[in-house]
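Remarks on the structure that follows.
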Protein chains: 2
Amino acid sequence: MDQDLENIKVTLDVVCGKWKAVILLKLYEGNLRFGEIKRSIPLIKHQTLIKQLKELEQDGLLTKTTYPDVPPKVEYSLTEYGRHLKPLLDMMVEWGEVHSDQKTTS
Amino acid sequence: MDQDLENIKVTLDVVCGKWKAVILLKLYEGNLRFGEIKRSIPLIKHQTLIKQLKELEQDGLLTKTTYPDVPPKVEYSLTEYGRHLKPLLDMMVEWGEVHSDQKTTS
DNA sequence: CAGCATCCGTTGGGATACTG
DNA sequence: CAGTATCCCAACGGATGCTG
């Protein structure tokens with residue numbers, strides 16, 4: 001029971017960065033290069049993106065593939081874990097939709 | 001599509017407080033008084049709990065019922081919204097279980 | 001193009017003390 | 001018993017500048 005609390009914290013840790021969920025959402029559409037992610041999320045800052053990607057990588061949600069070429073090319077792809085998270089993120093999107101509805105309606 | 005990002009942020013806002021998910025989890029077991037919540041989450045600080053409860057209330061996830069008696073008695077109960085969130089939280093618990101497994105196994 | 005190091009400002013969790 | 005008012009501090013998102 002209290003184990004539940006520990007478990008949910010693990011998940012929160014992984015998902016609760018300001019942009020983490022957004023990044024993951026993008027990656028479900030396919031592997032992306034750094035620049036592609038950045039372009040698809042115009043508001044995020046270069047450095048912030050790097051940080052969040054690093055955290056996601058350390059949490060085992062995605063893998064970074066570096067091609068040792070010039071110019072550098074790096075591709076990010078989801079791990080199995082990351083994919084396991086999809087239904088969760090979908091639910092969050094869905095819930096947010098309903099909830100923001102409600103807020104404006106009230 | 002970009003609307004998804006907005007929607008997920010709404011959900012994150014609601015769930016991402018350090019203790020919010022935990023509090024909600026407790027309330028699924030039934031309505032609770034302030035002191036009961038506090039006792040069931042020993043680590044949380046008095047003031048922190050008040051803040052998180054207030055935020056959850058403002059987000060429309062739970063309702064506060066104050067009995068105008070002495071000594072004060074206050075009961076917290078989930079709204080329909082809060083209940084809608086249960087499957088999500090359950091998934092988070094479940095995912096965290098698997099994920100923390102993996103971390104220790106690696 | 002992608003990344004690291006560093007600094008800064010805001011925020012939110014936490015501590016303390018007081019009220020009804 | 002429950003809540004309010006303040007203050008504090010760490011953490012995180014973000015800005016800037018430099019490297020290969």
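The chains referred to below are lettered A, B, ... by the order of the sequence lines, with proteins before strands, and numbering in each begins at 1.
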- Can you name the nearest heavy-atom pair linking S77(A) to N31(A), along with the distance? CB-OD1, 3.2 Å

- So does K18(A) get a side-chain nitrogen or oxygen closer than 4.0 Å to the phosphate oxygens (OP1/OP2) of dG14(D)? yes

- Message: Does dC1(D) have OP1 or OP2 under 4.0 Å away from a side-chain N or O of R33(B)?
- Response: no

- Message: Distance check, rounded to the nearest 0.5 Å: K51(B) atom NZ versus I44(B) atom CD1?
- Response: 11.5 Å

- Taking atom C1' of dC1(D) as reference, at what distance in whole Å does atom CD1 of I37(B) sit? 13 Å

- Check I41(B) against V22(B) and note the closest heavy-atom contact, atom names and distance. CD1-CG1, 3.6 Å

- Query: Reckon K64(B) touches a base, only the sugar-phosphate, or nothing at all at heavy-atom distances under 4.0 Å?
  - Reply: sugar-phosphate

- What pairs meet the ring pair (Phe, Tyr, Trp, His ring centres under 6.0 Å) rule with one or both residues in residues 3-26 of chain A, with sequence neighbours excluded? none

- Query: For the residue pair F34(B) and H46(B), does the interplanar ring angle fall in the parallel (under 30°), tilted (30 to 60°) or perpendicular (over 60°) class?
  - Reply: perpendicular

- Message: Categorize K54(B) for me: base, sugar-phosphate, or nothing, with a 4.0 angstrom heavy-atom threshold over every strand shown.
- Response: sugar-phosphate

- Task: Nearest whole angstrom, please: distance from the P of dC1(D) to the CG of L49(B).
- Result: 14 Å

- Query: In whole Å, what is the span from the CD1 atom of I44(A) to the P atom of dG3(C)?
  - Reply: 13 Å

- Round to a whole Å and report the spacing from NZ of K73(B) to P of dG3(D). 13 Å

- Any side-chain N or O of W19(B) less than 4.0 Å from the OP1 or OP2 oxygen of dG12(C)? no

- What integer distance in Å separates I23(B):CD1 from dG12(C):C1'? 14 Å

- Message: Ignoring hydrogens, what is the shortest heavy-atom contact between D13(B) and K20(B)? Give both atom names and the distance.
- Response: O-NZ, 3.5 Å

- Message: Once you apply a heavy-atom cut-off of 4.0 Å, does K20(A) come out as touching a base, just sugar-phosphate, or nothing?
- Response: nothing

- Side-chain touch L5(A)/K26(B), heavy atoms, less than 4.5 angstrom: yes

- Check the distance between dC1(D)'s C1' and E36(B)'s CD and give it to me in whole angstrom. 12 Å

- Task: Determine to 10° how strongly the helix from dC1(C)-dG20(D) to dG20(C)-dC1(D) is bent, judged from the axes of its five-pair ends.
- Result: 40°

- Note on the structure: Scanning both residues in full, the closest heavy-atom pair of H84(A) with W95(B) reads CB-NE1, 3.6 Å

Please produce a list of atom pairs where a protein N or O lies less than 3.5 Å from an N or O of nucleotides 15-20 of chain D.
none

- Message: Let me check something: do Y28(A) and L53(A) share a hydrophobic cluster, defined by ILVMFWY side-chain heavy atoms less than 4.5 Å apart, either directly or through other members?
- Response: yes

- Item | Side chain of Q52(B) (C-beta onward), nearest among dG13(D), dT4(D), dG13(C) | dG13(C)

- Whole-Å distance separating the CG atom of L53(A) from the C1' atom of dC1(C): 14 Å

- Query: What distance separates L89(A) CG from I8(B) CD1, expressed to the nearest 0.5 Å?
  - Reply: 4.5 Å

- Task: Pick base, sugar-phosphate or nothing for Y76(B), based on heavy-atom distances below 4.0 Å to the nucleic acid.
- Result: sugar-phosphate

- Quick one: Q58(B) CD to dG3(D) C1', roughly how many Å, whole number? 14 Å

